[in-house]
Amino acid sequence: MTLGCARNEVDSEELAGRLGAGGWQLAGDNEDSDVIVINTCGFIDSAKKDSIDTVLAAAGSGRKVVAVGCLAERYGAELADSLPEADAVLGFDSYADIAARLDDVAAGRVITPHVPSDRRKLLPVSPASRQAALHAHEEVALPGHAWLPSATSVGRTRLDTNPVAYLKLASGCDRRCAFCAIPTFRGSFVSRHPGDVTKEAEWLAGSGVRELVLVSENSTSYGKDLGEIRLLEALLPRLAGVDGIERIRVAYLQPAELRPGLIEVIATTPKIAPYFDLSFQHSAGPVLRRMRRYGDTDTFLAMLEEARKHAPDAGARSNVILGFPGETDADVAELERFLEAARLDAIGVFGYSDEDGTEAAGYDGKIEPDVIADRVARISALADELVSQRAEDRIDSTVEVLVEDVGEEVVGRAAHQGPEVDGTVTVMDAPAGIRVGHFVRVSVIDSEGADLIARPEGEPW
């Protein structure tokens, strides 16, 4: 089972592929299994607690339990000592031979948990070697780019039949945000070669996928370790040409690296959703500087305006953190000013908490928990109101919906709505024969919160 973000979902499918190649079979449910593998999340306290509770619940089933993923990587032996209910705690280095490790667990052999280290210091290949490798082949010539033929087969097993799939662009992060521990356990930013990304996109299309969501810790960095900072601008049209794929969206865009050329490619390329998933985190300049981040209210509003210049109906979402050390009432008011002007389709609001090993954990100026809770409640209420207003603005517009559920109601998502985290579209009076995976063009007639209600304008395809 998988906890946490979309990147973990891809990791789980890669683990499933390795396990299948190593002789293991996926069970339909826990009761049919010999071993339960839990891909944990270790990002924030609530995610850690959810991961530990899931391990404990699985251990109660009487099956052997293996913890993998970010929590296991981040805490290793410490987690194993405090969670003896897990039969093994495996870090990322165990993924290559995961089938053998499960053989050990099934046989009752003791596995020594790994000792975590700062993975930023473990970059497997130097940037110079990666640049040399990138230009070693010329499968497809594009201005300024050379495409690698795929070096490996797709080592991934799909765990569902959803018409939407996540596709990993890269792993790790080179940024040093003061509140974030992800680089220490995910490592430095390492791009996948474009030929491998394309091959996997073709494989996913062949399995019935119609929308690809490109994920990484920071998608705007794609290619920089290969010496090609604009590689994403070249990759997107190539992926849009993959047979069977009708929509591609890019998740996890870093405002500091969102260059005008990339904005234009995302906003104007056919089949690329004009959708901007931007981790602003705040908009008050002083708070962002303490966070070791870029920007301010006016810079961010100009960025959104640039996107809407190319695509007036472009979707935009973001997350914000309240209560960062040193945040003042004036900073919160500045964040309100930004949110009121930004016209975002979805806003995630989180309260700050110290994370092990981060710079901000040692900062002075900590905000009292009750003050953080009040600020979170205040901004959450504003966010709900603004997101509802943005959805109302889309009434009388026409959108293309990817159908994801056909039950009592036909429900899907438009281009401005990312999977799971944003709103949905309910299609009234849907055509007979409509099914999951179809696209249908609809007119929006009403809204409920972030969700839209619409009627079809034509037949699905």
Side-chain angles (χ1 to χ4, degrees), residues 1-13 39 41-44 46-47 50-51 69-70 159-160 162-169 173 180 182 209-220 247-255 258 266 272-282 300 304 307 313-322 339 342-351 376 379-391 393-394 399-405 411-426 447-452:
M1 60 184 69
T2 306
L3 305 173
C5 66
R7 298 179 293 279
N8 259 16
E9 293 192 27
V10 179
D11 287 350
S12 288
E13 294 195 344
N39 193 350
C41 178
F43 181 39
I44 55 176
S46 59
D50 189 27
S51 294
C70 292
L159 298 177
D160 59 43
N162 196 307
V164 182
Y166 297 104
L167 177 57
K168 193 185 295 184
L169 286 174
C173 184
C180 183
I182 287 176
V209 170
R210 305 205 75 193
E211 177 178 324
L212 297 174
V213 183
L214 306 183
V215 296
S216 70
E217 275 72 26
N218 175 10
S219 297
T220 36
R247 179 189 289 162
I248 298 167
R249 73 178 67 241
V250 187
Y252 307 108
L253 299 169
Q254 165 61 246
L258 187 60
I266 292 174
I272 305 299
Y275 173 82
F276 293 85
D277 174 16
L278 289 155
S279 56
F280 291 124
Q281 305 300 358
H282 212 285
F300 294 159
L304 292 168
D313 293 327
R317 77 170 326 275
S318 192
N319 297 321
V320 296
I321 297 172
L322 276 299
L339 294 176
R343 296 188 297 140
L344 300 173
D345 293 278
I347 305 167
V349 181
F350 300 91
V376 167
I379 298 300
S380 293
L382 175 64
D384 288 344
E385 179 184 349
L386 293 172
V387 166
S388 294
Q389 289 175 3
R390 180 62 176 150
D393 291 342
R394 294 189 181 275
V399 298
E400 291 180 353
V401 172
L402 172 60
V403 176
E404 295 182 306
D405 186 35
V411 180
R413 290 176 301 101
H416 70 278
Q417 297 168 322
E420 301 178 24
V421 292
D422 299 344
T424 61
V425 180
T426 298
S447 65
E448 293 180 357
D451 300 330
L452 304 180

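All residue numbers in this chain count up from 1 along the given sequence.
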>> Is any side-chain heavy atom of L386 closer than 4.5 Å to one of L344?
In response: no

> Do C41 and D50 have side chains that get closer than 4.5 Å, going by heavy atoms?
Replying inline: no

>> Let me confirm one number: the OH-SG distance from Y166 to C5, rounded to the nearest 0.5 Å.
In response: 9.5 Å

>> Just verifying a value: how many Å separate L258 CG and I266 CD1, rounded to the nearest 0.5 Å?
In response: 6.5 Å

> How many angstroms lie between atom OG1 of T2 and atom CD of E13, to the nearest 0.5 angstrom?
Replying inline: 8.0 Å

> Between R343 and D393, is there a salt bridge with N-O shorter than 4.0 Å?
Replying inline: no

> For the atom pair CG (N319) and CZ (F350), what is the distance rounded to the nearest 0.5 Å?
Replying inline: 4.5 Å

> Which pair of non-hydrogen atoms, one from S388 and one from G449, has the smallest distance, and what is that distance?
Replying inline: OG-CA, 3.4 Å

>> Surrounding CD of E448 (heavy atoms of other residues, nucleotides or ligands, distance under 6.0 Å), is the total greater than 12?
In response: no

> Step by step, would you call L278 with L304 a side chain to side chain contact (heavy atoms under 4.5 Å, CB included)?
Replying inline: CA-CA 10 Å; L278 289 155; L304 292 168; 4.1 Å; yes

>> Quick check: closest heavy atoms across V349 and A383, and the distance to 0.1 Å?
In response: CG2-CB, 4.1 Å

>> Tell me whether E211 is salt-bridged to R413, with the criterion being a basic N under 4.0 Å from an acidic carboxylate O.
In response: yes

> If you take all heavy atoms of F280 and P255, which pair is closest and at what distance?
Replying inline: CD2-CG, 3.8 Å

>> According to ring-ring contact (aromatic ring centres under 6.0 Å, His included), who are the partners of Y275, at least two apart in sequence or on a separate chain?
In response: none

>> Evaluate V164 against R247 for side chain to side chain contact (heavy atoms under 4.5 Å, CB included), listing each step before the verdict.
In response: CA-CA 9 Å; V164 182; R247 179 189 289 162; over 6 Å; no

> Looking at side-chain heavy atoms only, is the closest gap between D422 and D345 below 4.5 Å?
Replying inline: no

>> Can you give me the closest heavy-atom contact between S12 and N39, atom names plus distance?
In response: OG-ND2, 2.9 Å

> Which atom pair, heavy atoms only, marks the closest approach of G42 to C70?
Replying inline: N-CB, 3.7 Å

> Measuring from D277:CG to S279:OG, what's the distance to the nearest 0.5 Å?
Replying inline: 7.5 Å

> Quick one: are I321 and H282 in side-chain contact, heavy atoms under 4.5 Å?
Replying inline: no

>> Tell me whether S219 contacts the main-chain N or O of V215 through its side chain, where contact means a donor paired with an acceptor under 3.5 Å.
In response: no

> Does the pair R394 and V399 meet the rule for a side chain to side chain contact (heavy atoms under 4.5 Å, CB included), with working shown?
Replying inline: CA-CA 9 Å; R394 294 189 181 275; V399 298; 5.5 Å; no

>> On a heavy-atom basis, which atom in L452 and which in A391 lie closest, and how many Å separate them?
In response: CD2-O, 3.6 Å

> For the atom pair CG (L212) and CZ (R249), what is the distance rounded to the nearest 0.5 Å?
Replying inline: 11.0 Å

> Can E9 and E420 be said to form a side chain to side chain contact (heavy atoms under 4.5 Å, CB included), step by step?
Replying inline: CA-CA 13 Å; E9 293 192 27; E420 301 178 24; 3.6 Å; yes

